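As the structure is a prediction and not an experimental result, all values here were calculated from the model. For ligands, and for the atoms within them, numbers begin at 1 and follow the listed sequence.
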Amino acid sequence: MVHSGFAGPASAYGRRMARSPFSPSFWRSPLRGPWLTSVLGVVLLVGITVLFVTGLVSYAAYNPNLSPVNDKTPDKGILGFYLFSWSTDPHWLYRLNQGIHVTLGITLIPVLLAKLWSVIPRLFTLPPARSLAHALERISLLLLVGGALFEFVTGVLNVQLDYIFPGSFYTLHFYGAWVFIAAFVAHAVLKTPMAWRNLRQLREEKNDLVPPNPAEPTVSRRGALWFVGGGSLLLFLTTVGQNFDVLRRTALLAPHGGAEPGNGPNGFQINKTAAYAGIRDADTSEEAWRLVVVGRDGRTVRLSRADLLAMPLHSAALPIACVEGWSTSDQWWRGVRLRDLAALVGYEGDPPDVLVESLQQRGAFRRAAMRANQVADSRSLLALSVNGEDLTPDHGYPARIIVPAAPGVLNTKWVARMTFGDL
Ligand SMILES: Nc1nc2c(c(=O)[nH]1)N[C@H]1C(S)=C(S)[C@@H](COP(=O)(O)O)O[C@H]1N2
Ligand SMILES: [Mo]
């Protein structure tokens, strides 16, 4: 045995060191190296950019700067710089955006985990910081890795467990995204040129990720990549179905703890049931329920369901698209136009914003505000029926809002009161 007299793997000290993750020889997978890290990095560069953009767009879709009722992040300050009036066209806009955001996020999980695995030896460097610059670099990596894990974990928990953080999900995911993206941009600017060189040269440039003392390979690097890609494909195939009525049963990983919607005209996804929301039949009966509509100078009308059915009725084919990533195909809604209701209380011609309140007494989604452009759209309805049948209690009987291109949360169910006016 050759003794180097120093901390080579052959000495007793070296052998002990090799069992410590702080030693380079502890990390033996021959898969690690610049190529694998670069491939995964480039996939994440593209994927996370799409996640960030669709996330910002989804946030804007809530019209958070319209009313405090819609705003879960009132202290956003300049982070709300890009907000705009959310469009009603095309009518599947939110469905597409949020479908991409959630499905892509879930699909990227194996890639993210593989990327973290590929660089894990760097977590264990000694000394922790060699210089001020090195310390700053390591703090930025902490924000990068911590931010990525935080965003993926909060997103997945919200989709899977449905309001595990009541109300605060938006705040956590929103501010987390800004912290993460700052570290991500810095990392991308620093690393992309090198990743690109690594990929183009296609030959192994040595770096600190290459194990000095590699184990026998059990799988090729391409094989490992296929494994990661296969994991992503599996997640994709068991998630994407939640966006299409006919594929819903393939969405094994999107349980979304809603009620079983059953068959028939009302047989599409239910978010919160009437029972969950505390809506009692006694409050929605023909005798008990009245819609209160308030408008210009406090002008108020009270309408029964029969009064509403006697008004001009219109139809619109629109989906429900939830922030959690599920959506329905277009359903055939029928009811009274929002702008006709505005006209009843003194806003003929150009309707203002509206605040909608539900019979529901508790819960974050019992009220929502919509902007004038949404009220004015002739497809925006106070729906009384869907697919040719009265709404069921779970879909919002006696009346619910449906607006093109808006997030599901704005489609208030069991509407009790609508207040028109500039918010
Ligand atoms: N009153 C009330 N309306 C509500 C909700 C709610 O919890 N309470 N959930 C909203 C959300 S988040 C969505 S996605 C849609 C779902 O409508 P659906 O259950 O008819 O599919 O209803 C919206 N309207
Ligand atoms: Mo939702």
Side-chain angles (χ1 to χ4, degrees), residues 58-59 61-63 69-70 72 92 94-95 97-99 101-102 155 158-167 169-170 173 242-245 248 254-262 264-280 283-284 289 291 316 318-335 354-370 374 380-387 389-418:
S58 174
Y59 179 73
Y62 278 69
N63 277 336
V69 165
N70 292 24
K72 312 290 181 207
W92 37 261
Y94 191 75
R95 184 178 176 207
N97 184 80
Q98 202 59 12
H101 186 73
V102 172
N158 191 58
V159 168
Q160 295 288 316
L161 297 177
D162 197 24
Y163 316 123
I164 187 170
F165 334 87
F169 165 72
Y170 302 90
H173 204 65
Q242 67 172 331
N243 290 288
F244 306 95
D245 289 354
R248 178 113 30 227
H256 183 266
E260 178 50 51
N266 275 273
F268 57 93
Q269 189 96 2
I270 294 162
N271 178 13
K272 293 282 175 275
T273 62
Y276 179 94
I279 305 297
R280 293 167 312 182
D283 300 327
T284 58
W289 184 79
L291 173 71
L318 299 172
I320 300 264
C322 183
V323 66
E324 291 166 17
W326 60 266
S327 56
T328 72
S329 305
D330 290 354
Q331 311 295 326
W332 194 254
W333 306 91
R334 194 160 172 79
V354 67
L355 174 68
V356 180
E357 294 166 276
S358 172
L359 276 179
Q360 187 184 346
Q361 293 300 306
R362 274 198 303 243
F365 305 141
R366 69 183 194 280
R367 8 174 237 180
M370 279 173 300
Q374 294 172 312
S380 297
L381 302 177
L382 179 70
L384 304 166
S385 67
V386 64
N387 301 323
E389 196 179 71
D390 280 353
L391 295 173
T392 53
D394 289 341
H395 282 304
Y397 181 90
R400 67 107 38 99
I401 301 287
I402 185 82
V403 171
V409 69
L410 297 185
N411 297 323
T412 308
K413 303 195 278 193
W414 316 290
V415 174
R417 192 180 175 91
M418 302 175 68

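- Distance check: Arg248 CZ to Ser329 OG gives 7.0 Å after rounding to the nearest 0.5 Å.
- Closest approach of Pro398 to Leu384, counting heavy atoms only: O-CD2, 3.6 Å.
- Rounding to the nearest 0.5 Å gives a distance of 11.5 Å between NZ of Lys413 and CZ of Phe365.
- Phe268 and His395 have parallel rings, their planes meeting at less than 30° on a 0 to 90° scale where 60° marks the start of perpendicular.
- Residue-ligand proximity: Trp326 is placed with a non-hydrogen atom under 4.0 Å from ligand 1.
- Note: Gln360 CD to Trp414 CH2 = 5.5 Å, rounded to the nearest 0.5 Å.
- Looking at Asn411, Asn271, Val356 and measuring to atom 10 (C) of ligand 1, the nearest heavy atom belongs to Asn271.
- Under a 4.0 Å criterion applied to the non-hydrogen atoms of Ser358, ligand 1 contributes the atoms 1 (N).
- The option from Ala383, Pro261, Gly408, Cys322 that lies nearest to atom 15 (C) of ligand 1, judged by heavy atoms, is Gly408.
- Under the 4.5 Å side-chain criterion, counting only non-hydrogen atoms from C-beta, Ile402 is in contact with Leu381.
- By the 4.0 Å heavy-atom criterion, Arg400 is counted among the residues contacting ligand 1.
- Under 4.0 Å from ligand 1, the heavy atoms of Gln269 that appear belong solely to its backbone.
- Not one N or O of Arg366 is nearer than 3.5 Å to an N or O of ligand 1, by distance alone.
- If you number the atoms of ligand 1 from 1 as listed, the ones under 4.0 Å from a heavy atom of Lys272 come out as 7 (O).
- Using a 4.0 Å cut-off to heavy atoms of Thr412, the atoms of ligand 1 that qualify are 3 (N), 24 (N).
- Every atom of ligand 1 is numbered from 1 in the order shown, and the set under 4.0 Å from a heavy atom of Trp414 is 1 (N), 2 (C), 8 (N).
- Of the inter-residue distances, the one linking Leu410 atom CG with Tyr62 atom OH reads 7.5 Å to the nearest 0.5 angstrom.
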